[in-house]
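Okay, structure first, notes after.
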There are 2 protein chains.
Amino acid sequence: MSSIPVPPPKCLQKPLVVPHRHMFGPGPSNVPPRILKAGANPVIGHMHPEIFEIMNDIKSGTQYMFQTHNSMTFAVSGTGHTAMECAIFNAVEPGENVLTAVNGIWGERAADMAERIGAKVNTIVAPPGGFFTNEEIEQALAKYRPVLLFLAHGESSTGVLHPLDGIGLLCHKYNCLLLVDSVAAIGGAPLHMDQQEIDILYTGSQKVLNAPPGTAPISFSARACQKIFNRRTKPVSFFLDLKWLANYWGCDGKPSRVYHHTGPVTAFYSLRESLAVLAEEGLEKSWERHQEVAEYFHAGLENMGLKLFVKEKKARLPTVTTIVAPRGYDWKEITAYIMKTHNLEISGGLGPSVGLVLRVGLMGCNSSKVHVDMVLAALKDAMKHCHENKL
Amino acid sequence: MSSIPVPPPKCLQKPLVVPHRHMFGPGPSNVPPRILKAGANPVIGHMHPEIFEIMNDIKSGTQYMFQTHNSMTFAVSGTGHTAMECAIFNAVEPGENVLTAVNGIWGERAADMAERIGAKVNTIVAPPGGFFTNEEIEQALAKYRPVLLFLAHGESSTGVLHPLDGIGLLCHKYNCLLLVDSVAAIGGAPLHMDQQEIDILYTGSQKVLNAPPGTAPISFSARACQKIFNRRTKPVSFFLDLKWLANYWGCDGKPSRVYHHTGPVTAFYSLRESLAVLAEEGLEKSWERHQEVAEYFHAGLENMGLKLFVKEKKARLPTVTTIVAPRGYDWKEITAYIMKTHNLEISGGLGPSVGLVLRVGLMGCNSSKVHVDMVLAALKDAMKHCHENKL
C-alpha cells in the first residue's frame, strides 16, 4: 500500500485563470485596483498592534458609514450571512419571540435562523416588490410582542428600499430591538443608525463598498448590548459571541485583548481601504450619486419599454434595480446572452422573485452613467437577439 | 441638525501601511507573493462557472492534502474556528454526549462549543505537553459513550503532535465519530484521513498552506454524513448547515446549485493556489522537509541550552515548536525584543501554556534551515540583551 493513496490532482497543475468581468448583478460588485492591491499586502499577526490600528480604522469607517456613535461597532470575519447570524445569535435567547418582516428572501432567511436557535418566530408578509407601513409594523409589534424585529432595508431579491423612519421608535415603545439588514443599500441610500434608533445594523463588504466578499461591518446600540450582556444563556456560537468579539475589537474597554480567532487580516486591509474610499467621496455625495444614476437608469429602461418591478418610486433601491422580466422572453437566455456577448453580469430573481424579474446592481464604483449606458445597450442587444415568443 | 452627525474619520485619510515581517509564530505564517497575487485577481460571481471550477480544484486539493476520497470535502468560508463550529454544529444534536480530549486550548474550546448547543460534554484531560494513549481513549469511550470524540492532531498551544493510529477504529467500535483538528499540523506531518478512519477533519488556510487566514478546508466521511443527514433537528446555523454547504460546493450530486451565501471568492483564489503549491512539492516531501527542519531546529535549541517543552520526541509537532520559557527571563521581553530588533514574530504560550513556553512556528514556505538559523540567532541575541534575573 502506497503511503499516498490519493495522488496530487492534475487540475492543480493548470495555472489559475480568472476572467475580468463587469459585475452588474446584485453583488459582489467590481473591486477597484486600489482595494485589490490593499488586500495583497503581506500578512501580519491577528494580534499585532498594526492590525489593531487597521481594525480601529474599520471601526471608525463603519461608524461613519452607519452614522452611529456606538462603540460596539466592528466587522464580522465572514460574509453577510455570518453577520446576520451574529445579530440573531446574540440578541435572541431560546423561547423568545422574534418578528421578521418578509418582503423577499432576507426576511425568510432571518426567520429560518431564529427558528434554528429555538426562538418563537412570527412573520408579517408583503408580496414581492412591496413593503410595510409603520401602522402594519405597529400592529404586529402589539400582537406578537417580539424581543426583536428583523427588517431588510435593501431587499436585494425584489429591489425594494424599505422606509426606516419611525420604526425604531415604534419598536422601543414595545420594548423590542430593531435589527436592520442593509447589505444591499447602505452607502448608496441614506441611513442614520442613531437617529433612526436602529439597534443592530450590518452590511457586507462586497456591495457599495466594493471590497471582496468575506467581511461584514456590524454595529450594536447600547440598548442591544444591554439585552445581550444580560442573557441567561450563552449564544450558540463561540465564534460569534459578542463578548468575545467586543474584546477582540477593543470595544469592551478592557486594557488587553485576548485571542479569540484568527482575523482574516488581508480582508481587513481591503475593507479598511474601501471605507477610506467612501470617506473620501463623502456619504452624502455617494447617496446622491447612487440616486441620480438610478433615476437615469430607470428612465432609460422605461424608454426601452421595460417596466420597473417596484411600483412606488421612493421604494426603489438605488443600488439594485429589479426589472419586470420582459414578456415573451426567457430571462435565462437574456442573462446568458449578456454574459457571453458583453462580458457583463446581470441576474435573474432570487427566492420569491425568481422568474419575475431581472436584477441589475450598480453599486459603489459601478454606479455611474457610463455603466448605465453599457447595461442599457446590452439589454437592447439581448432583446434583439434572444428568442421572442410573440404569441 | 446636520444630516451627517458623524463626520468622516481622519484616520482614514492616512494611507494604509502594512509592515513586512517574518511570521514565525504559531500562525498566520508568511504568504508567498504567488499566493498573494492569486488573491488580488478580480472578483467574479460566487455562482459563476469559473468559481465552481476553482472550488472543484480546492476540493481536489483538499482531498489530496487530507488523503481522502470523501466527496463531502470543501472549504468553509471562515477561519479554523468556523470550521470547528461547522463540524460540531452538524455532527451533534442537543442532548447527545460529546467527549473532548483536552491537552491544550483546542479541546477546551471544542467543549465550550458543544456545550453551547446543548450537548452533554465530558472531557479527558492531559497536562500541557502531554497526550493520550489509545487505552485512555478507549476507557473514556466506554465510560461516556459519546457520539463524537474531538481530538487535536496539532495542539498548537503546547506543541504536541497527537498520535492518530487506531483511534478511528476505536471510535467506530463504540459507534462514535472521530473529529480531528489538524489546523496546525496537516501538510507538515503525516495524516491519512481515510486509512486512519477519521470522520471529520478540518484545517485552516494560514498555517502550512501559507494562504491568508479566512478559509478552512474540511471533510466529512460517509459515516459522518450518515449521521448528519439523519438528524432529527436542524443544525443551529443556517450558514454552516452541511445540507446547504454540500449543495453550494457541488458535493450532493444534485444537478444545480442554489444560492446559499456569497463565497469569499478572492480567498478561494489564494486557497486554490496554496493547494497547488503543496501538490507541486508533494505531500511526502513536505512532511519530510518539515520533520527535517524541525529536528535541525530542536538540535540548535538544545545546543543553546534551551529545553523543549514536549518531552517525547515523536510527539513534537514539526510545525510549531514549544520551548520551555528560559528560567530567569521574562518571556514577554524576549518576544518583544525579537520583534523589535529582528522584525520577527515568535510568541508566548496560549491558554494552558501561557507563561510556560515560547512558541515558534515554521510552516510551509517558512520551514527551512535558513529560517531556523534566523530564529536561533534572534533567540541568542535576545538572551544576551534581555534582562536576566540570576537569583
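Naming: A, B, ... by sequence-line order, numbering from 1 per chain.
The shortest non-hydrogen separation linking A:His192 to B:Pro5 is CD2-CD, 4.3 Å.
Heavy-atom pairs under 4.5 Å with chain B were tallied for A:Gly25, A:Gly204, A:Pro190, A:Gly45; the largest tally goes to A:Gly45. Interface check for chain A: of the options B:Gly351, B:Pro212, B:Ser205, B:Ser347, the most heavy-atom pairs under 4.5 Å are formed by B:Pro212. Contacts with chain B were tallied for A:Ser77, A:Gly39, A:Pro19; A:Pro19 has the most, counting heavy-atom pairs under 4.5 Å. Counting heavy-atom pairs closer than 4.5 Å to chain B, the top residue among A:Ile51, A:Thr233, A:Val258, A:Thr82 is A:Thr82. Chain A forms the most heavy-atom pairs under 4.5 Å with one residue out of B:Gly78, B:Pro28, B:Gly214, and that residue is B:Pro28. The candidate from B:Glu85, B:His261, B:Met23 with the greatest count of non-hydrogen atom pairs under 4.5 Å with chain A is B:Glu85. Among B:Val31, B:Thr262, B:Ile117, the residue with the largest count of heavy-atom pairs under 4.5 Å with chain A is B:Thr262. Taking B:Leu16, B:Ile88, B:Leu240 one by one and counting their heavy-atom pairs under 4.5 Å with chain A, the maximum is reached by B:Leu16. By number of non-hydrogen pairs under 4.5 angstrom with chain A, the leading residue of B:Val18, B:Leu36, B:Thr79 is B:Val18. The residue among A:Met65, A:Gln206, A:Lys37, A:His48 with the most heavy atom pairs within less than 4.5 Å of chain B is A:His48. When each of A:Ser60, A:Gly80, A:Pro33, A:Ala38 is scored by its heavy-atom pairs under 4.5 Å with chain B, the top score falls to A:Ser60. Contact tally against chain B (heavy-atom pairs below 4.5 Å) for A:Thr68, A:Val17, A:Ile58: the top residue is A:Thr68.
B:Gln63 and B:Ser219 share no donor-acceptor pair across their side chains, judged by distance under 3.5 Å alone. A donor atom on one side chain and an acceptor atom on the other are not found under 3.5 Å apart for B:Ser29 and B:Asn366.
A:Gln13 does not touch chain B: none of its heavy atoms, backbone or side chain, sits under 4.5 Å away. Heavy atoms closer than 4.5 Å to chain B are found in both the backbone and the side chain of A:Gln67. For chain A, no part of B:Pro94 is nearby; none of its heavy atoms comes within less than 4.5 Å. Contact of B:Leu350 with chain A is made through the side chain alone, with heavy-atom distances under 4.5 Å. Proximity to chain B (any heavy atom under 4.5 Å) is shown, for A:Ile35, by neither the backbone nor the side chain. At a 4.5 Å heavy-atom cutoff, the contact between B:Glu53 and chain A is made by side-chain atoms alone. In this structure, chain A has heavy atoms under 4.5 Å from both the backbone and the side chain of B:Asn41. Looking at A:Met339, the atoms closer than 4.5 Å to chain B (heavy atoms on both sides) all sit in the side chain, from C-beta outward.
Taking the six-membered ring for Trp and the full ring otherwise, B:Trp106 and B:His81 have centroids separated by under 6.0 Å. Ring centroids of A:Phe238 and A:His260 are separated by less than 6.0 Å, placing the two rings close together.
If you take OG on A:Ser237 and CZ on B:Phe89, they are separated by 4.5 Å, rounding to the nearest 0.5 Å. Residue A:Tyr259 holds its OH atom at 9.0 Å from OH of A:Tyr248, rounded to the nearest 0.5 Å.
In this structure, the side chain of A:Lys59 engages the main chain of A:Ser71 through a donor-acceptor pair within 3.5 Å. Of the possible polar contacts, one joining the A:Arg359 side chain to the A:Ser156 backbone as a donor-acceptor pair under 3.5 Å is found.
Here A:Glu50 pairs with B:Arg21 in a salt bridge; the nearest charged N to carboxylate O distance falls below 4.0 Å.
Evaluation of the ring-ring contact (aromatic ring centres under 6.0 Å, His included) test over residues 21-42 of chain A, restricted to residues two or more places apart or in two chains, returns A:His22-A:Phe24, A:Phe24-A:His371.
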Return a table of donor-acceptor pairs under 3.5 angstrom between the side chains of residues 264-283 of chain B and protein atoms on other chains or two or more places apart.
unit_1	atom_1	unit_2	atom_2	d
B:Tyr269	OH	B:Pro42	O	2.7
B:Tyr269	OH	B:Ile44	N	3.3
B:Ser270	OG	B:Thr266	O	3.2
B:Arg272	NE	B:Asp57	OD2	3.0
B:Arg272	NH1	A:Lys14	O	3.3
B:Arg272	NH2	A:Cys11	O	3.2
B:Arg272	NH2	A:Lys14	O	2.9
B:Arg272	NH2	B:Asp57	OD2	3.2
B:Glu273	OE2	B:Arg34	NE	2.9
B:Glu273	OE2	B:Arg34	NH2	3.2
B:Ser274	OG	B:Leu271	O	2.7
B:Glu280	OE1	B:Arg34	NH1	3.1
B:Glu280	OE2	B:Arg34	NH1	3.4
B:Glu280	OE2	B:Arg34	NH2	2.9
B:Glu281	OE1	B:Arg289	NH2	2.8
B:Glu281	OE2	B:Arg289	NE	2.7

